[in-house]
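If you read the sequence from its start, that first residue is 1, and numbering goes on from there.
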Amino acid sequence: GSLLALLLVFDGVCGERESGTLSVLLAGPVPRDVIILSKITAGALTLAMPMVLAWLVSVTYVVFVGNVALTADLAARVVWLAGLSLVYIGFFFALGIAVSCWVQHAAASLAACVFVWVVLVLVVPNLAPIALKRVSPLPPESKVLMEKEAIRRAIEKNEMPKWREELTSSGNVTGDENFWFRLQNMVDTEFDRRTEPIERYRLARIMHRLRVSQRLA
């Protein structure tokens, strides 16, 4: 819709300037702002009518074919979404009119409009992940793994011998398989306890990056 708005209006003023009809319009008693507003109104209606019709058809299909109950809250959300979509496309339409007034030739206006559309719609949202590396960096995965491995080695070196001695002296463990299973379970439990703050911090950073990414995009 935003691209269609630009393509519809990129030559609204400069095209008439090139063809000479703009001079004829300005030679009469019609003010310049009336000419611009008439173009904006006509273009806005041209864009809004099919969009509103498409929204009505889509909602009707979802309600009657998809058997979705259109509650008051859901209807309000749909109306807000449709209204904001019109505002979004209206912004690009007004931008196209402005570019058409600024440049002299329709070809230059088309190139400028397409360039602006590519930057705003395609480039800026996709730059969010790159910007996040600077704004909200995550700890490297290799560093996290090294920290966890160091914790496991410390447990096996410092705690595991004491637990082995306790299990051996208790006499409650029968069989080598059961002994090593109990010992490994104690190691894993202690490992999870010590690495839980690392995972919690990493998850908090991921959620923070997600929120920042949404704002940037």
Would you compute the distance between atom [atom1] of [X] and atom [atom2] of [Y] and round it to the nearest 0.5 angstrom?
| X | Y | atom1 | atom2 | value |
| --- | --- | --- | --- | --- |
| Arg194 | Glu159 | CZ | CD | 5.0 Å |
| Glu18 | His105 | CD | NE2 | 6.0 Å |
| Ile198 | Leu203 | CD1 | CG | 13.5 Å |
| Ile89 | Leu6 | CD1 | CG | 10.5 Å |
| Arg152 | Met160 | CZ | CE | 9.5 Å |
| Ile36 | Asp33 | CD1 | CG | 9.0 Å |

**OP:** Check side-chain hydrogen bond (donor to acceptor under 3.5 Å, both in side chains) between Arg200 and all other residues, then give those that pass, not counting sequence neighbours.
**Re:**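 Arg200 satisfies side-chain hydrogen bond (donor to acceptor under 3.5 Å, both in side chains) with Glu196 once adjacent residues are dropped.
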Would you say [Y] ends up clustered with [X] if hydrophobic residues are merged whenever their side chains have heavy atoms under 4.5 Å apart, either directly or through other cluster members?
| X | Y | answer |
| --- | --- | --- |
| Val79 | Leu56 | no |
| Val78 | Leu81 | yes |
| Leu8 | Leu37 | no |
| Leu122 | Leu110 | yes |
| Val30 | Leu25 | yes |

Distance-minimising heavy-atom pair for [X] and [Y]:
| X | Y | value |
| --- | --- | --- |
| Ser109 | Cys14 | CB-SG, 3.7 Å |
| Pro161 | Glu156 | CD-O, 3.5 Å |
| Cys113 | Gly96 | SG-CA, 4.1 Å |

What I'd like to find out is whether the side chain of [X] reaches to under 4.5 Å of the side chain of [Y], using heavy atoms alone.
| X | Y | result |
| --- | --- | --- |
| Leu86 | Trp55 | no |
| Asp188 | Gln184 | yes |
| Leu47 | Leu4 | yes |
| Glu141 | Leu145 | yes |
| Leu70 | Val62 | no |

Original post:
Can Lys39 and Val13 be said to form a side-chain contact (heavy atoms from CB on, under 4.5 Å), step by step?
Top reply: CA-CA 9 Å; Lys39 292 180 178 295; Val13 177; 4.2 Å; yes
Original post:
For Val121, which residues count as a side chain to side chain contact (heavy atoms under 4.5 Å, CB included) partner, sequence neighbours excluded?
Top reply: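 Ser2, Tyr88, Phe92, Trp117.
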**OP:** Might you work through the side-chain contact (heavy atoms from CB on, under 4.5 Å) test for Ile151 and Phe191, ending with a clear yes or no?
**Re:** CA-CA 7 Å; Ile151 292 174; Phe191 175 79; 4.1 Å; yes
Subject >> Side-chain donor or acceptor of Thr41 paired with backbone N/O of Ser38 under 3.5 Å >> reply: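 No, because the side chain of Thr41 does not come within donor-acceptor range (under 3.5 Å) of the backbone of Ser38.
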**OP:** Tell me, with the steps shown, if Phe115 and Val99 meet side-chain contact (heavy atoms from CB on, under 4.5 Å).
**Re:** CA-CA 11 Å; Phe115 175 77; Val99 172; over 6 Å; no
Original post:
Does the side-chain contact (heavy atoms from CB on, under 4.5 Å) test come out yes or no for Arg211 and His208, once each step is laid out?
Top reply: CA-CA 5 Å; Arg211 290 191 295 269; His208 176 70; 3.9 Å; yes
